[in-house]
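This structure is a prediction, so every number in the text was calculated from the model and none was measured.
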Amino acid sequence: MGLAPFYPLRSKKVNELETGANQQVGNLLKGGNTDMSTVMIAVEKADVAFQMMMQVRNKIVNAYQDIEKLQF
């Protein structure tokens, strides 16, 4: 069982946070009007959201595997 069946579980919010963080990093690198602390907070929020999503995915996989073991 690979990761592919769980891609639809990737929430819109995680995507929005990741996109926003990428845009802020790009803006900072281009010398835009963005301070480092705002960029770091955006990146960390995206990272925490992604990690939480992966933990939920792992719990689902573990539950599925436990159910498979129960089959008679």
Quick one: are D66 and L70 in side-chain contact, heavy atoms under 4.5 Å? no

Is there a continuous path of hydrophobic side-chain contacts, each under 4.5 Å between heavy atoms, that joins I67 to V61? no

How far does CD of Q24 sit from CD1 of I41, to the nearest 0.5 angstrom? 9.5 Å

Tell me which donor-acceptor pairs under 3.5 Å the side chains of residues 43-51 have, and how far apart each pair is, sequence neighbours excluded?
{"from": "D47", "atom 1": "OD1", "to": "Q51", "atom 2": "NE2", "distance (Å)": "3.3"}
{"from": "D47", "atom 1": "OD2", "to": "Q51", "atom 2": "NE2", "distance (Å)": "2.7"}

Closest non-hydrogen atoms of L28 and T34, given as atom of the first, atom of the second and distance, are CD1-O, 3.3 Å

Under 4.5 Å side-chain linkage, directly or through intermediates, the cluster mates of M52: none

Partners meeting side-chain hydrogen bond (donor to acceptor under 3.5 Å, both in side chains) with N58 (sequence neighbours left out): none

Tell me, please, which residues at least two apart from T38 pass side-chain hydrogen bond (donor to acceptor under 3.5 Å, both in side chains). D35

Let me confirm one number: the NZ-OG1 distance from K12 to T19, rounded to the nearest 0.5 Å. 13.0 Å

